[in-house]
Amino acid sequence: MDTIAVKFGGSSLASAAQIKKAADIIRADANRRYVVVSAPGKRDDADVKVTDLLYRCYDEAAAGQDFSETLGRIADRYAQIIRELPVDFDLDAEIDVLREHLRTKPNRDYMASRGEYLNGRVIAAYLGYPFVEPAECIFFTDYGVLDEERTFRVLGDRLRSLPNAVVPGFYGAMPDGRVRTFSRGGSDITGSVVALAVKAKLYENWTDVSGMLSADPRVVDNPGVIEHITYTELRELSYMGASVLHEDAIFPVRRGGIPINIRNTNRPGDPGTMIEPVLTKGIRRGVVTGVAGKKGFTCVCVEKSMMNAEVGFIVKLLGIFAKFGVPFEHCPTGIDTVSVIVDKNLFEQNRENVLLEIQRELSPDAMTVEDDAMALIAVVGHGMTGVKGTAARVLKGLADGDINIRLIDQGSSELNIIVGVNEADCENAIRAIYSAVESLM
Ligand code: ASP
């Protein structure tokens, strides 16, 4: 059987009406056997996510304040869902457990996880599927990272013994059994872990957009949906701030070579974005997959005559940044010059130490820190490999837009072209580049 693991995000499960849409999607394909659920999210812009209410409730209880109003709001969210589905579920008993927990010694992660737990219980009852408790089969090590070996063994055995199941996202258990959550948005990770544990042929991630867009819609008007993207391209674009998935959700499925399909619960007919290990043969794809930009970089420029002849100069230079915990992002070099592009905030916290040590260890002829922050913009696409003219278009687009380029970087993989511009030019530069390459998408 071609098993599909499906995960529904908070906006897809924010109300009874949304849960019904999700249930229709699940029932429409018998391969959709394992369902990972988020806590109810926002029903509209003014609404509050249940997870945020749970954190608030915990904070109030931990500070010895009255938490009853917040707990009441949480109970009301579920009561409305249960009434409108409708489903037979003893909510009062569950809320009593929470109240008791908050009165004794509340645990922050346990409280946060209850959004997914309760939604999982309600949706399992509604679908008539078994409920699988993540604290019994998703494990963290003492360091708080996923215990992969134990998780994939126990979770895989458990799920394969069931025809279908609902698994709450976002949490698992520490070695001593205490509940622990992933970071925010972590139900995406649970979905990916479930997909790998059952060796699914596909991980469907249902959300409220019809896939990943080829640029930020707040910057570019009507960017297109990316129909196919590889994991590598996704990593490049996500690093630059384009987000559809929790960053850590990629690794389990990538390891298993399982594609992820981002789909829209409100428009189930839309194909969404297919994220694949490698490009599927025969799929028509453009030269460029997407454009994304990120602000907040700075550049440290070091000059020393005969630098190119000094073996190990750049290793020593980057070692100094590493010593003070400042990772370098890019490092374009000239003959006797090198520019180290770093995160501006991280660098500022360590500026004195780094500069003093460079002075002491490397005695450069000159060293400058560019005070104007830089934005980096990446044009990403496997299709650029071996194809002429993309860089020319990018640079001409920027020149026509009267935008000064501070840095140009293209690795020999030809997967991306990165340009650095003044932060103030970031949005204009993205728009200029996007229109220059739009016809190549
Ligand atoms: N409910 C959690 C959050 O809001 C996890 C998730 O939805 O993925 O971050």
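Here the structure is a predicted model, which is why all the values come from computation and not from measurement. Ligands are counted one by one from 1 in listed order, and the atoms in each one are counted from 1 as well.
Heavy-atom distances between Gly115 and ligand 1 stay at or above 4.0 Å for every pair.
Note: an N/O pair closer than 3.5 Å links Thr51 and ligand 1 by distance alone. In terms of polar-atom proximity, defined here as any N/O pair under 3.5 Å, Gly185 does make such a contact with ligand 1.
Within the structure, ring pair (Phe, Tyr, Trp, His ring centres under 6.0 Å) pairs that include any residue of residues 180-200 comprise Phe140-Phe182 (at least two apart or interchain).
In summary, the atoms of ligand 1 found under 4.0 Å from a heavy atom of Ser187, numbered by their order in the structure, are 5 (C), 6 (C), 7 (O), 8 (O). Heavy-atom proximity to Ser38, at under 4.0 Å, picks out these atoms of ligand 1: 6 (C), 7 (O), 8 (O). Annotation for ligand 1: atoms under 4.0 Å from non-hydrogen atoms of Glu116 are 1 (N), 2 (C), 5 (C), 6 (C), 7 (O). Listed by number with element, the atoms of ligand 1 under 4.0 angstrom from any heavy atom of Arg184 are 3 (C), 4 (O), 9 (O).
Salt-bridge check for Lys344 with Glu348: passed, with a basic side-chain N closer than 4.0 Å to an acidic carboxylate O. Using a 4.0 Å cut-off between charged side-chain N and carboxylate O, Arg393 and Glu438 make no salt bridge. The existence of a salt bridge linking Asp47 and Arg77 is confirmed by a sub-4.0 Å separation between a basic side-chain nitrogen and an acidic carboxylate oxygen.
Residues meeting the side chain to side chain donor-acceptor pair (under 3.5 Å) test with Asp270, sequence neighbours left out: Ser210, Arg267.
In this structure, CZ in Arg406 is found 4.5 Å from CD in Glu370, a value given to the nearest 0.5 Å.
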